Novice: 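Before I ask anything, here is the structure I am working with.
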Amino acid sequence: MPTAVLTDRERTAVQAYLRLLHTVRAAFGDDGRAPAGPAVLPVVPPSVLAEAEAALEGAGLAGNEEEFFRMVRDWHSGN
């Protein structure tokens with residue numbers, strides 16, 4: 001398992017992705033399914049998505065999903 005310390009930009013990208021992930025999960029409910037009732041598309045604030053995209057680009061990770069998700073797993077393991 002790699003033990004490299006994330007740069008500030010990489011850490012920012014991972015944190016932005018996790019905020020996006022938690023926002024999407026909240027829109028679907030805690031169990032990952034859509035809330036009961038009429039079908040409604042989940043709303044993800046554009047600012048949350050834009051933050052994640054900008055952070056990925058700023059860290060030089062846009063288009064390098066394998067490396068990015070390795071960082072996410074290493075930094076946010078067990079959650």
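We count residues from 1, following the sequence as given. These figures come from a predicted structure and were not determined experimentally.
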Novice: Determine yes or no for a side-chain-to-main-chain donor-acceptor pair under 3.5 angstrom, with E10 supplying the side chain and T7 the backbone.
Specialist: yes

Novice: Using the test side chain to side chain donor-acceptor pair (under 3.5 Å), find all partners of E67 that sit at least two apart in sequence or belong to another chain.
Specialist: R70

Novice: Who pairs with R9 by salt bridge (charged side-chain N to carboxylate O under 4.0 Å, His left out), at least two apart in sequence or on another chain?
Specialist: none

Novice: Show which side-chain atoms of residues 11-20 pair as donor or acceptor with protein atoms under 3.5 Å away, not counting sequence neighbours.
Specialist:
from: R11; atom 1: NH1; to: D8; atom 2: OD1; distance (Å): 3.0
from: R11; atom 1: NH2; to: L6; atom 2: O; distance (Å): 3.1
from: T12; atom 1: OG1; to: D8; atom 2: O; distance (Å): 2.9
from: R19; atom 1: NE; to: E51; atom 2: OE1; distance (Å): 3.3
from: R19; atom 1: NE; to: E51; atom 2: OE2; distance (Å): 3.3
from: R19; atom 1: NH2; to: E51; atom 2: OE2; distance (Å): 2.5

